[in-house]
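Some notes on the structure that comes next.
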Amino acid sequence: MKSVDNVVLRAESLTKIYRRGVEEVRALDGVTFSIEEGEFVSIVGQSGSGKTTLLNLIGCMDTPTSGTIEIDGHETSRLSDRQSTRLRSEKIGFVFQHFGLIPTLSVEENIMLPTLFARRAAKGKASELLEQVGLSHRHKHRPHELSGGEMQRVAIARALINSPALLLADEPTGNLDSTNGEAILRLFTDLNRAGLTIIVVTHNPALADAAHRQLNLQDGHLLLESQL
Amino acid sequence: MGISPTFGIGGLAWRNLTRRPFRTSLTVSGVSVAVALLASLLAFGKGYERELSRELDAMGIQMMLVPLGCPYDAAARVLKGNALDVSLPASAFVKAKQDSAVQDAAPLLMTTLPRPAEGRTDLWVGVTSEIRPLKPWWKLTEGSHWFSSDTSDSVILGAEAAETELRRVGDSFYSPETGRKFKVCGVLERSGTADDSQFFVPLKTAQSMFHQPDRLTAIAIRLKDPALTGEASTRLQTIPGAQVVTMTEMMGTFLNLVGSVRTLIQSLAALAVLISALSILTTMLSTVLERTNEIGLFRAMGASRSQVFGLLALESAFLAILGSVFGVLLAGVAGSGVERVVRSFVSLAPQGRLLALTSDVILQCCGVGLLIGIGAGVYPAWRASRLSPIEALRWEN
Ligand SMILES: Nc1ncnc2c1ncn2[C@@H]1O[C@H](COP(=O)(O)OP(=O)(O)OP(=O)(O)O)[C@@H](O)[C@H]1O
Ligand SMILES: [Mg+2]
């Protein structure tokens, strides 16, 4: 059933070592896995286990100390700044716990922001996404006029504006109450059903369980299913 | 759905300025003051030269014979209507008039008359009709006539002098300081020169009234041909007790006089420019510091280093452009105030408007303003462009 062509992300012996003076922190230690197109994967593990570190490496925000990552068949672990910028722009959509909306821009402009950096017009796409996250009526509002759940939905729409191959989310429900958290969960499920590949770091059991598959990190190591 | 037309890297930069309106307006005001100072300085330099050459052109005089001493100071005083302490003998005038190159020569006796009660000092000038070809712009008002004799107790008033003294042609005029009574035989039309505020009397009358028989303070000379200036001044220089000052030399002296004031304003302007550059620098640095997460976020969503650099550089350019625009406006509005200050520094300033806020002055100032903005914005923008996308994660809401 697994065909090589379907693999959208492949990580091979990923290691990330942070140095604080003489002390070394092995945030990730030999992590290997792959994710297929259309999968919905959650990354779970205790605080400090290396989840965010892993997501950053996948999203080309940082480079591994050793090991390789392939996205859509492109090796991405040793890219120049220019190349990784382009990759982030074209292939990756990020969603953060803190939403990260720009207060001076309207909802719609926030969603359009990545197209501005990508020098791409995607006006129609913005209204489509607003519709999809159920915020069409709010397109002119400023972020501070929205609830936390609405802000996160705007952030998700923004992450999708450049039609990425991967949606990466780091604790997307971390700042939300359970009702709003559920709405985000439903949105992710819907987006995934429509074919989007999603990787989400979460402490939220409901969200983790909604995924097809869980990657369990412990002290920088990926636990095998047999170890759970 | 409506996206505002200002949405773009430029629009983003512009809106960021509105986030901290107080800080933005403070920085903009700093730049405005610097640019205004600079604009006034440049405009003053331009206007001063223009006015001076206009005034010198209007004088039919090519050289002055003044008593030995500091010639430039003497000539400047005479030109601007201040009295001299030393004087020339009347014989110098006879000799000057005989020179072959001289077309017209006019003897002058200028005396200041302090009027402590009125809080001002009047300038009395003894002249003969020989002055008239040398002052081609003089026009006597309706009913005026020239002195009936060269010893009469008649006075011709400059337009302003007539106004302050509330006298018209035919009125009598008493000068308590000298104990003399005059009849106003003429009033000059306003000429915009120093003559406007002076009191003209026949030379002999002036000499007796100020107890300077047969003395002169200056001789104004027009040559038959300006090309004769060199040889004529060599000859005239030999007249005992006299020295020659040409108008060309005078022009230089005035400009030098202004030079020292200009250096003062220049250093002030340079200081203000420096301070405003520093204020843009600190504003932009704290902007980068405050928005580290946001800039990281931009990088995470695909903004390149050069786009981040451009965004921040534009912000500081906007600060500078705003500052320049307001600065030029400020210079235009406050110009007359500045002019008054400048006049109090430069006692021998021409009468016309000194500030010439011409389009190239405005362009120069905006250029400097923009340079400040770009210069001060480069480092913060570079810092921002070096930020890692990972900064996006350290967001504190
Ligand atoms: N920039 C850094 N410099 C040094 N050490 C770091 C850095 N970033 C992370 N670490 C360390 O690496 C380890 C993994 O951190 P990471 O942020 O990936 O954990 P996490 O699983 O996301 O935790 P949490 O659930 O609390 O977000 C931790 O021990 C952390 O202290
Ligand atoms: Mg984390």
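Letters A, B, ... mirror the listed sequences (proteins, then strands); counts begin at 1.
Using bins of under 30°, 30° to 60° and over 60° for the plane-to-plane angle, the ring pair B:W14/B:F318 lands in the perpendicular bin.
Comparing A:D170, A:I92, A:N162, A:D62 by how many heavy-atom pairs each has under 4.5 Å with chain B, the most go to A:D62. Ranked by heavy-atom pairs under 4.5 Å with chain B, the first of A:S84, A:S89, A:P164 is A:S89.
The shortest distance between side-chain heavy atoms of A:P172 and A:Q97 does not fall below 4.5 Å.
Closest of all the heavy-atom pairs between A:V95 and A:A159 is CG2-CB, 3.8 Å.
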Review point. Do B:S304 and A:T85 pass the side-chain hydrogen bond (donor to acceptor under 3.5 Å, both in side chains) test, and can you show the C-alpha distance, the side-chain angles, and the key distance before you say yes or no?
Key: CA-CA 6 Å; B:S304 66; A:T85 300; over 6 Å; no
Practice item. Mind running side chain to side chain contact (heavy atoms under 4.5 Å, CB included) on A:I58 and A:T76 for me, showing each step along the way? Key: CA-CA 9 Å; A:I58 296 171; A:T76 64; over 6 Å; no
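Using a 4.5 Å cut-off between heavy atoms, A:R86 makes no contact with chain B at all. Using a 4.5 Å cut-off between heavy atoms, A:L113 contacts chain B through both its backbone and its side chain. With a threshold of 4.5 angstrom between heavy atoms, A:T52 approaches chain B through side-chain atoms but not through N, CA, C or O. Both the backbone and the side chain of B:R299 have a heavy atom closer than 4.5 Å to some heavy atom of chain A. Of the two parts of A:L87, neither the backbone nor the side chain holds a non-hydrogen atom closer than 4.5 Å to a non-hydrogen atom of chain B.
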With a 3.5 Å cut-off and sequence neighbours excluded, list the donor-acceptor pairs that the side chains of residues 42-49 of chain A form with protein atoms.
| unit_1 | atom_1 | unit_2 | atom_2 | d |
| --- | --- | --- | --- | --- |
| A:S42 | OG | A:A208 | O | 3.2 |
| A:S49 | OG | A:Q46 | O | 2.6 |

